[in-house]
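Before any comments, here is the structure.
Numbering of residues begins at 1 and proceeds along the displayed sequence.
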Amino acid sequence: MNIPGASHRSRQLSKTPIVNKGVKALIDEYVERMLSLRVWSLWWLNRAVENLLRFRNGVEGLREKYVEYGDSIGKFINALDEVIKYAGKTFRRYWFENNVADEIMELTEKIKSNTIETTTTKTISIKGDRITINISSTNTGTVYKIRFKKFKGTYINVPPLIPDSIRTQFQIGLLNTDGYIKDNHPGMTTANIWQVIIWLLSFPGPTYVRITGLDLNKNGVKIVWELRNLNNEITEKPQLLNNLDDITFFAAVLGDGMIELVKRKYKKRNSTYIYPRVRLAANILKTPQWEDALKRLYNKYGKKHDKNTGNAVFSLSESVDFLKRVYETITAKSPLLMDILSLLRTIDDAEKIRRFMRFAKIKIRKKGESSVNIVGIRFTVVIRRKAALLLSYRVKRDEIGINKVKRIIESIRNKYGITINAYEYDDYIYIIIPKYLIKKMAEKDTELRRSILMILCKKYKDINDKDLKEQIIKYIRELTLIEETAIC
């Protein structure tokens, strides 16, 4: 295949073209994606600039709220203006003056109409005068990239906006995931605009910013940014072992992790709930600095370990707890940073930030948190609108379950002197203790009474329903002794 600018080896091989099915499949998908995404049009640049402008205007609005940071916020806005100018004007001029769109269309047409000869079915690289098209097949899919040649970056100066302690934690987390060291300076390459902002906040000072290319995925076109901080001179990445706290790990998740959505179906309720699951990307775990740190991480947070990918995985409830702790810590130490994170939600590609903000505020009931111990069995405290306060326990309706229910009823009769009933429903047997019997049990069992009161108090604080709050207050008064009026 005779493509202008192709490597010498490719031109030699093209003298005797050989049809390669693997290569043809990569090319066919590339051409289809190029046509559907209309890469030669600058819609993706316009969208990026719009996102940056929307965020920039949001930051402008923070000046009145944070008067003490007014000067620093102003300088940060100036830095954002330089990035917007670089993308919206400098890059646009480079694009038109060098006919980049024409070259993309020309190379795409030649790729479409010729047979590509290559020594591998996994990587294709085609060079033009101003761009290089890279097509590579990985374990997770096919990656299509366009790299710009001879396009220089710009220099900006970013003021410090967040406290030193949080900034250091963010630096450690980012450098040990997506970050790298180049010419003794910390750097990062990203296709996410929100990560550009996170990097600038984490590494203030003189910074080199450059648009290096485009990533072409199924959902759109994303600009690839190279960022290098010139204020910090380092030779190696900071150690993780003694620094892996909540904020550092959160920064690592922002760098190269995931906040996944997990659906859980509940047939009894005929409903589906969505929960978050925090993961750390597998590829960074291959680095030596993460090995010892993750041993502590598993002990501190995780109970699961994905043997196939090596991901650090939180359980669903642990993920929520983790995100809540991060939210509360950042809000307490740097309200300005939390407001900036909230503004980042408006950026199109900031889905990870949106999930963080969403799930950091939800309440997920943990298994056992609404249960009390009665004769060694965990009964659930239930509050319903139409039914009064109840204690409930269920087992499967089989021979083992039936015998267990009989033993529980007998044990309760012996300890509390009351008789309770069991009910069959679907595949389960339910032991239900109504309110009038709960009061009798509570009179004889101080520990049980206090446990029920603590659960009622927690439910009262967690719910917003006014009628249900009044109902809970009524139950609390009925179970509370005079000397315990301040139980909640």
| field | Full working for side chain to side chain contact (heavy atoms under 4.5 Å, CB included) between Cys457 and Ile476 | value | CA-CA 8 Å; Cys457 288; Ile476 290 174; 4.1 Å; yes
How close do [X] and [Y] get, counting heavy atoms only, and between which atoms?
X      : Y      : value
His185 : Leu230 : CE1-O, 3.5 Å
Gly153 : Tyr208 : N-OH, 3.1 Å
Gly205 : Asn157 : C-OD1, 3.2 Å
Asn373 : Leu448 : O-CD1, 4.3 Å
Ser72  : Leu161 : CB-CD2, 3.6 Å

Quick one: does [X]'s side chain have a donor or acceptor within less than 3.5 Å of a partner on [Y]'s backbone?
X      : Y      : answer
Asn134 : Ser125 : no
Asp349 : Ile193 : yes
Arg167 : Ile162 : yes
Trp44  : Val39  : yes
Trp194 : Asp348 : no
Asn231 : Thr207 : no
Tyr86  : Ile211 : yes
Lys127 : Thr132 : no
Lys352 : Gly257 : yes
Ser342 : Met338 : no

Between the side chains of [Y] and [X], is the shortest nitrogen-to-carboxylate-oxygen separation below 4.0 Å, so that they form an ion pair?
X      : Y      : result
Glu226 : Lys182 : yes
Lys324 : Asp321 : no
Asp215 : Arg147 : yes
Asp71  : Lys75  : yes
Arg54  : Glu50  : no
Arg354 : Glu351 : yes

With no hydrogens and no angle check, just 3.5 Å: does a side-chain donor-acceptor pair link [X] and [Y]?
X      : Y      : value
Arg56  : Asn51  : no
Asn184 : Thr235 : no
Arg33  : Ser36  : no
Tyr30  : Thr108 : yes

Output the distance between atom [atom1] ([X]) and atom [atom2] ([Y]), rounded to the nearest 0.5 Å.
X      : Y      : atom1 : atom2 : value
Thr142 : Leu216 : OG1   : CG    : 12.0 Å
Phe170 : Leu201 : CZ    : CG    : 8.5 Å
Thr177 : Ile172 : OG1   : CD1   : 11.5 Å
Ile330 : Ile247 : CD1   : CD1   : 4.5 Å
Leu107 : Arg130 : CG    : CZ    : 13.5 Å
Asn232 : Leu175 : CG    : CG    : 9.0 Å

In terms of ring plane angle, is the pair [X] and [Y] parallel, tilted or perpendicular, where the classes change at 30° and 60°?
X      : Y      : result
Phe249 : Phe322 : perpendicular
Phe148 : Trp95  : perpendicular
Phe55  : Phe76  : perpendicular
Phe91  : Phe151 : perpendicular

For residues [X] and [Y], determine if any side-chain heavy atom of one lies less than 4.5 Å from a side-chain heavy atom of the other.
X      : Y      : result
Phe359 : Ser319 : no
Gln195 : Asp178 : yes
Trp40  : Val100 : no
Tyr460 : Leu468 : no
Arg92  : Leu45  : yes
Ile383 : Leu456 : yes
Leu341 : Leu343 : no
Tyr66  : Asp339 : yes

If you count every heavy atom of other residues, nucleotides or ligands that lies below 6.0 Å from [X] atom [atom1], does the total exceed 12?
X     : atom1 : value
Lys89 : NZ    : no
Glu68 : CD    : yes
Glu60 : CD    : yes
Tyr69 : OH    : no

| task | State which residue, out of Asp245, Thr248, Thr329, fulfils the side chain to side chain donor-acceptor pair (under 3.5 Å) condition with Gln169. | result | Asp245
| field | side chain to side chain donor-acceptor pair (under 3.5 Å) partner of Lys222, chosen from Asn217, Asn192, Thr190 | value | Asn192
| query | Are Ile259 and Val253 close enough, and set up right, to give a side chain to side chain contact (heavy atoms under 4.5 Å, CB included), and what steps lead you there? | reply | CA-CA 8 Å; Ile259 302 177; Val253 172; 4.2 Å; yes
| field | Derivation and outcome, side chain to side chain contact (heavy atoms under 4.5 Å, CB included), residues Val224 and Thr189 | value | CA-CA 7 Å; Val224 179; Thr189 300; 3.5 Å; yes
| task | Start with the C-alpha distance between Ile156 and Asn78, add both sets of side-chain angles, then the distance that settles side chain to side chain contact (heavy atoms under 4.5 Å, CB included), and finish with yes or no. | result | CA-CA 9 Å; Ile156 63 174; Asn78 291 338; over 6 Å; no
